[in-house]
Amino acid sequence: MHDHLPPTPALKPDMSAELWNSAVRVLETNWAGDHMVPSRRLYPHQWSWDAAFIAIGLAYVNPTRAWRDLRSLFEAQWPDGRVPHIVFDPATAEADYFPGPAFWDVPAYGNRAARGSTGIVQPPMHAIAAWEVYRHAAAHGANCAQEARTELEWLYPRLVAQQRYLTTDRNLGRGGLASIVHPWESGLDNSPAWDEAMANVPADLALLSQYRRRDLDVSDAAHRPTDLDYSRYVGLVVSYRAEGYADAGLLDRHAFAVECPAFNSILASAELALAQIAGELGRTAEAATHRHRAAQITAAIIRRLWNEETGTFHALDVHTGKLTPANCVSGLLPLMLPDLPADLVQAIMNEMRSNRFGLPVPSYDRTAPDFDTMRYWRGPVWINVNWLVRRGLLMHGFRDEAEDLRTAMVRLVHRNGHFEYFHPTTGEGLGAPTFSWTAALSLDLLADRSVPAYAKAG
Ligand code: 2M8
């Protein structure tokens with residue numbers, strides 16, 4: 001039995017205007033001077049992949065802020081190229097977010113003071129964002145076009161350094177993919193995709209009596225990761241922190257290393273966006289290199305993460321060499337890759353259309369016994385992953401489904417508000433109520449019906 005959100009009629013113009021205006025208000029509220037916070041109460045710093053999704057939408061209403069947000073993030077890039085998953089706002093108290101700057105205890109680097117960021121990463125959405133912001137900025141006139149050119153030139157080498165870090169220092173499995181070394185690096189924090197690998201991570205609940213979770217002060221415990229999850233999250237930070245977040249030899253001393261299909265699909269897509277950027281900047285030879293790298297990462301995703309039996313992609317536990325069994329939305333995201341062979345595209349479409357998922361896609365298989373309609377990345381619908389799914393649908397010529405998904409997302413947010421995530425059957429808003437990427441991507445869904453430049457001919 002399906003219990004997906006009902007199909008929706010065409011959007012009414014007043015609905016679009018209301019949604020547009022409310023999204024703009026959220027982005028106004030969450031602007032913090034030189035960066036956007038994901039939400040004022042729950043996430044009072046700057047987050048890496050949030051900044052990318054936010055910039056994509058902010059480009060329509062304030063391209064200068066979209067560029068500023070990306071610049072603030074990349075100003076905190078480490079010398080090795082890693083872009084930290086949180087850039088801490090020095091004006092926010094340690095107690096306002098856990099784990100905060102003192103817990104991460106990142107050393108000073110470049111011209112940045114110590115404790116300015118975390119030492120882990122998030123999916124590299126930023127090249128895609130930079131290209132999207134650039135494409136849309138021109139519509140704001142000559143000054144914005146000039147600004148866009150300057151910002152793109154500033155970002156390009158930094159985006160290349162980010163890719164270098166992920167494809168070399170993080171190639172822990174030596175198979176051509178980046179490993180995540182903490183579930184937070186996936187952005188899909190408590191996804192069942194990590195359950196098997198996390199079972200091998202020591203859980204020390206005593207760590208949580210030492211440090212207090214701040215998220216439970218401002219949100220419902222039933223909607224958040226459990227204490228057991230958090231004790232492992234904290235333990236993994238302690239382990240990575242012990243050697244100053246060094247990656248050499250990490251596999252031998254760190255309990256969690258996983259190759260995620262979503263993270264790596266974004267990594268390959270970033271190379272394609274970099275090819276677009278390099279082409280625009282007149283760097284033809286580099287553009288060809290980026291396309292070649294995208295093809296290599298795509299081939300590695302297929303070689304290492306495809307599961308013939310389930311007909312979908314799964315996360316690979318690098319320590320055991322095994323694919324994890326859970327069917328998660330991350331397994332559908334290789335649809336973003338234009339070079340995915342037709343039979344695999346078809347298999348993902350079958351999976352997406354089955355009663356395990358359906359549009360908008362939930363974060364986890366609806367038929368799984370532990371599918372949880374409330375708990376964060378273990379069931380609820382998220383706008384950013386559905387935005388990526390829509391991109392995949394457009395990439396492979398599924399225009400009608402892409403349009404149905406766009407309409408469904410717009411109606412979901414219009415009806416329920418700019419929530420962080422949504423109940424997968426009722427559509428009720430969950431988590432933070434004025435969440436930046438939901439607002440920003442709503443703007444994009446209202447404004448942009450174009451197909452990615454490197455999509456397959458439809
Ligand atoms: C969530 O993750 C943070 C840790 O990074 C948290 O739970 O405190 C995730 O949804 C992640 O994808 C997102 O970037 C972050 C901020 O919105 O919140």
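Positions are given from 1, in the same order as the sequence printed here. Order of appearance sets the numbers: ligands from 1, and atoms from 1 within every ligand.
- In this structure, Leu388 and Met125 have side chains that are in contact, with non-hydrogen atoms separated by less than 4.5 Å.
- For atom 12 (O) of ligand 1, the nearest non-hydrogen atom of the protein is Gly187 O, 2.6 Å.
- In this comparison of Trp47, Tyr376, Trp382, Phe98, the heavy atom closest to atom 7 (O) of ligand 1 sits on Tyr376.
- Every atom of ligand 1 is numbered from 1 in the order shown, and the set under 4.0 Å from a heavy atom of Arg224 is 6 (C), 7 (O), 8 (O).
- If you check which protein heavy atom lies closest to atom 10 (O) of ligand 1, you get Trp377 NE1, 3.1 Å.
- Under the 4.0 Å criterion applied to side-chain N and carboxylate O atoms, Glu196 and Lys322 are not assigned as salt-bridge partners.
- For ligand 1, the atoms sitting less than 4.0 Å from at least one non-hydrogen atom of His85 are 4 (C), 5 (O), numbered in the order shown with element in parentheses.
- Considering only heavy atoms from C-beta on, Val345 comes within 4.5 Å of Phe398 through its side chain.
- Using a cut-off of 4.0 Å between Lys/Arg side-chain N and Asp/Glu carboxylate O, Glu28 and Arg25 are scored as not salt-bridged.
- For Arg68 and Glu75, the salt-bridge test passes: some basic side-chain N is under 4.0 Å from an acidic carboxylate O.
- In this structure, Tyr43 has its ring center no closer than 6.0 Å to that of His85.
- With respect to atom 14 (O) of ligand 1, the closest heavy atom belonging to the protein is Asp50 OD1, 2.5 Å.
- Residue contact check for ligand 1: Asp215 places no non-hydrogen atom closer than 4.0 Å to it.
- Distances below 4.0 Å separate heavy atoms of Phe435 from the following atoms of ligand 1: 17 (O).
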- Query: Given the rule in the side-chain contact (heavy atoms from CB on, under 4.5 Å) test, do Thr324 and Asp195 qualify, once you have shown the distances and angles that lead to the verdict?
  - Reply: CA-CA 8 Å; Thr324 62; Asp195 285 0; over 6 Å; no

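- Across the listed options Leu188, Asn384, Ile86, Asp189, Asp189 owns the non-hydrogen atom lying nearest to atom 2 (O) of ligand 1.
- Residue, atom and distance of the protein heavy atom nearest to atom 8 (O) of ligand 1 are Tyr97 OH, 2.6 Å.
- Here is the list of ligand 1 atoms found below 4.0 Å of a heavy atom in Gln122: 11 (C), 12 (O), 13 (C), 14 (O).
- Every atom of ligand 1 is numbered from 1 in the order shown, and the set under 4.0 Å from a heavy atom of Trp49 is 11 (C), 12 (O), 13 (C), 14 (O).
- Ring centers of Phe256 and His182: at least 6.0 Å apart, outside the cut-off.
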